[in-house]
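Structure record follows, encoded as structure tokens.
Whatever order the structure lists ligands and atoms in, that order sets their numbers, starting from 1.
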Amino acid sequence: MQFKDIIEKKRNGEKLSRDEIEFFISGYTAGDIPDYQVSALLMAVYFQGLDREETFWLTDAMKRSGDVADLTAIPGIKVDKHSTGGVGDKTTLIVAPLCAACGVPVAKMSGRGLGFTGGTVDKMEAIPGFRTALEQTEFEGIVRTVGMSVIGQSAHIAAADKKLYALRDVTATVENIGLITSSIMSKKLASGSDAIVLDVKTGRGAFMKTQESARQLAEWMVDIGKRSGKKMAAFITDMEQPLGKGVGNSIEVMEAIDTLKGKGPEDITELSRQLAGYMIYIGGKAASHEEGVKMADRCIRDGSGLKQFRAFVQAQGGNPDITEDPSLFPQASCVLELRASGSGYVSALDAETVGKASQLSGAGRAKKEDPVDLAAGIILNKKVGDAVKPGDLLATLYANDGEKARAALQVLESAYGFSEQPPEKRPLIFDIIE
Ligand code: URA
């Protein structure tokens, strides 16, 4: 097989065979096909597209290009949850304990934050002592005994995706539905769960800015997951403004704890109970999504979700007392306030700009190798729809570097928009694709 013939076929708008896709992925992973030829194929795919069958074959080949976790030794239907990324999204820290408290094992492989979006691994590391670099056997053991575990994404998962994504990034070929679907799903399928609930974000702080593009991605990912034998569903949810009030690593863990105590912000509480309810249902412990939501509610009310969270933290080396004593978290030395200068209503709170402000405060990283400041971040005291008058506290910014804090506060200020009339309320959950 000649790789040039594969490029030519796709350039002419023809469908590639499974063998050709396999040849492409195994050859590229092994270093036998050069970047310049793969760049040409990616551009051909960008213009001609992949159909769902080609996308399934590509996903499957990419999944097998690295390690594939085998979780069959853990009893029960293992459920995973994946968000396409957002600002202030700490739902994993809430839904995983709620599911585990209901008997649904959660074996979660998570990543670190990059750019304006956060990552679960960084958030968990805000808990003193917490370890996410676990051996696979330790990870599985914790899932079996405690009901849930979070492990940092292995460098060997979907090896082809790492090379391909880097190449797409510099050849302007990221934005193709088949390539995005295969990139995300190859990693999810390699992490070994039996069921996957996706949270596809849409809005200013999301990778998919429009509802139409988010819906298309959700439909394709659900389809590819089902073709791979997984139970699947995708929520399409709002990321126009950040989720909850806290953005930043320790700040988000504190908000997750509050939510497990029944004292979380309304949006994060609602999304978490809906996602957890669906995972409990798809994990076979509830007869319907609604019943799953009721079970999740009960775990918040009776404290079993919080108890589960503490057991999980302890099992991974963290100090469980952080649930009762926030002073155990890393503390910021510099606290700045943003106050309103006029009166009216908050009409916009651009999630991407808040994410950038949080990154500037030190909570996020611009490059993969950058360190993060676990204490840094933002509390949004006012969000869209809230009434404000002059002098009201809009947001509080935490950092350990005064210069960074002042630069971040300026960016944060630009995220807010105001109106005289209350803005129209946007739905939090647009749809569930099954
Ligand atoms: N996230 C991924 O992991 N891959 C893509 O292609 C796009 C977003």
*Ser183 N/O under 3.5 Å from ligand 1 N/O*: yes
*Numbering the atoms of ligand 1 from 1, which are under 4.0 Å from a heavy atom of Phe207?*
7 (C), 8 (C)
*From the options Leu98, Ile94, Ile322, select the one residue that forms a side chain to side chain contact (heavy atoms under 4.5 Å, CB included) with Phe309.*
Ile322
*Please say whether the positively charged group of Lys163, taken as NZ for Lys or CZ for Arg, lies over the ring of Tyr28, i.e. under 6.0 angstrom from the six-membered ring centre and within 45 degrees of the axis.*
yes
*How are the rings of Phe235 and Tyr278 set relative to one another: parallel (under 30°), tilted (30 to 60°) or perpendicular (over 60°)?*
perpendicular
*Would you call Ile184 a ligand 1 contact, heavy-atom distance under 4.0 Å?*
yes
*asked:* Among all protein heavy atoms in this structure, tell me which lies nearest to atom 5 (C) of ligand 1, with the distance rounded to 0.1 Å.
replied: Tyr165 CE1, 3.2 Å
*asked:* Using ring centroids (six-membered ring only for Trp), state whether His289 and Tyr281 fall under 6.0 Å.
replied: no
*Would one find an N or O of Lys187, backbone or side chain, under 3.5 Å from an N or O of ligand 1?*
yes
_Side chain proximity check, Glu255 to Lys245, heavy atoms < 4.5 angstrom_ = yes
